[in-house]
Amino acid sequence: VQLQASGGGLVQAGGSLRLSCVATGLTGSGWTIGWFRQSPGKEREFVAAYRRNGGATYYSDSVKGRFTISRDNVKNMVYLQMNNLKPEDTAVYYCATGSRIIVSSVRREASYDYWGQGTQVTVSS
């Protein structure tokens, strides 16, 4: 399994970006794609997740209502649409995947087995 995240960049506060994650080698329908982020000096934190089985989505409180995770079935990609960006959203964003992740563990970093390389998002004030 390999993941490739892209779409990061520099944007002013209030602006938008769309991150993309392409995952290859996934089989079956029991996988979950998650987005995490890490700012300098901070631990990596959960942002959003999409469960293939049932299509449920999950968000951290800090991004709920501003970010949307979605999937393109044809292109086998997962997107993170980020609107109304704030300087505190500045971080390296990672996509990750794992199989048979239970709902209560969707927000746990340790639940994910495979990680992409990360893409930098910088929001200026």
Side-chain angles (χ1 to χ4, degrees):
V1 176
Q2 290 187 326
L3 299 102
Q4 179 91 22
S6 61
L10 173 64
V11 64
Q12 288 187 331
S16 299
L17 281 174
R18 188 178 77 162
L19 304 184
S20 301
C21 178
V22 58
T24 56
L26 292 176
T27 58
S29 62
W31 48 265
T32 296
I33 294 281
W35 285 97
F36 290 76
R37 66 186 182 186
Q38 188 168 24
S39 304
K42 295 186 178 180
E43 293 185 352
R44 192 151 52 184
E45 64 173 354
F46 170 79
V47 176
Y50 168 88
R51 291 183 83 221
R52 174 66 179 86
N53 203 351
T57 57
Y58 307 85
Y59 299 94
S60 67
D61 289 342
S62 61
V63 307
K64 195 176 297 182
R66 299 188 298 121
F67 291 11
T68 303
I69 189 169
S70 62
R71 179 176 182 252
D72 184 320
N73 291 332
V74 175
K75 297 181 179 179
N76 201 28
M77 294 184 69
V78 172
Y79 302 103
L80 184 68
Q81 177 67 43
M82 307 186 296
N83 298 329
N84 190 21
L85 282 160
K86 304 175 181 180
E88 51 264 42
D89 294 318
T90 295
V92 177
Y93 284 70
Y94 300 88
C95 61
T97 191
S99 63
R100 294 184 292 276
I101 298 176
I102 60 177
V103 173
S104 61
S105 296
V106 162
R107 293 172 174 81
R108 294 180 63 238
E109 182 178 344
S111 299
Y112 296 80
D113 301 311
Y114 303 96
W115 292 78
Q117 84 289 359
T119 183
Q120 175 71 46
V121 171
T122 303
V123 185
S124 63
S125 57

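From a predicted model like this one, the values you see are computed outputs, not experimental measurements. Numbering starts at 1 and runs along the sequence shown.
Distance check: I33 CD1 to R51 CZ gives 13.0 Å after rounding to the nearest 0.5 Å. Taken to the nearest 0.5 Å, the CD1 atom of I101 stands 12.0 Å off from the CZ atom of R107. For the atom pair L80 CG and Y50 OH, the distance stands at 14.5 Å (nearest 0.5 Å). Put simply, CG on L17 and CE on M82 are 4.5 Å apart, with the number rounded to the nearest 0.5 Å. Distance check: S99 OG to L26 CG gives 9.0 Å after rounding to the nearest 0.5 Å.
Contacts classified as ring pair (Phe, Tyr, Trp, His ring centres under 6.0 Å) and involving residues 68-111 (residues at least two apart or in different chains) are not found. Sorted by first then second residue, the salt bridge (Lys or Arg N to Asp or Glu O under 4.0 Å) pairs that include residues 52-67, not counting sequence neighbours, are D61-K64, R66-D89. Within the structure, disulfide (SG to SG under 2.5 Å) pairs that include any residue of residues 16-100 comprise C21-C95 (at least two apart or interchain). The salt bridge (Lys or Arg N to Asp or Glu O under 4.0 Å) pairs that include a residue from residues 12-34 number zero, where partners must be two or more places apart or lie in different chains. Residue pairs meeting the ring pair (Phe, Tyr, Trp, His ring centres under 6.0 Å) criterion with at least one partner in residues 99-125, sequence neighbours excluded, are F36-Y112, F36-W115. Residue pairs satisfying the disulfide (SG to SG under 2.5 Å) criterion with at least one member in residues 30-63, sequence neighbours excluded, are absent.
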Name the atoms and distances for all side-chain donor-acceptor pairs under 3.5 Å in residues 2-15, with sequence neighbours left out.
none

Side-chain donor-acceptor pairs of residues 40-47 under 3.5 Å, sequence neighbours excluded:
residue: R44; atom: NE; partner: E109; partner atom: OE2; Å: 3.1
residue: R44; atom: NH2; partner: E109; partner atom: OE2; Å: 2.8
residue: E45; atom: OE2; partner: R37; partner atom: NE; Å: 2.6
residue: E45; atom: OE2; partner: R37; partner atom: NH2; Å: 3.2

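Shown here for D113 and G98, the closest heavy-atom pair between the two residues is OD2-CA, 4.0 Å. Across all non-hydrogen atoms, the minimal contact from S20 to W35 is O-CH2, 3.6 Å. Of all non-hydrogen atoms in I69 and V78, the two that sit nearest each other are CG1-CG1, 3.7 Å.
Considering only residues two or more places apart in sequence or on other chains, S105 meets the side chain to side chain donor-acceptor pair (under 3.5 Å) condition with none of them. The side chain to side chain donor-acceptor pair (under 3.5 Å) check on S70 picks up nothing, with sequence neighbours excluded. Contacts of N83 classified as side chain to side chain donor-acceptor pair (under 3.5 Å), with partners at least two apart in sequence or in another chain: S16, Q81. A search for side chain to side chain donor-acceptor pair (under 3.5 Å) contacts involving E88 returns nothing, not counting sequence neighbours.
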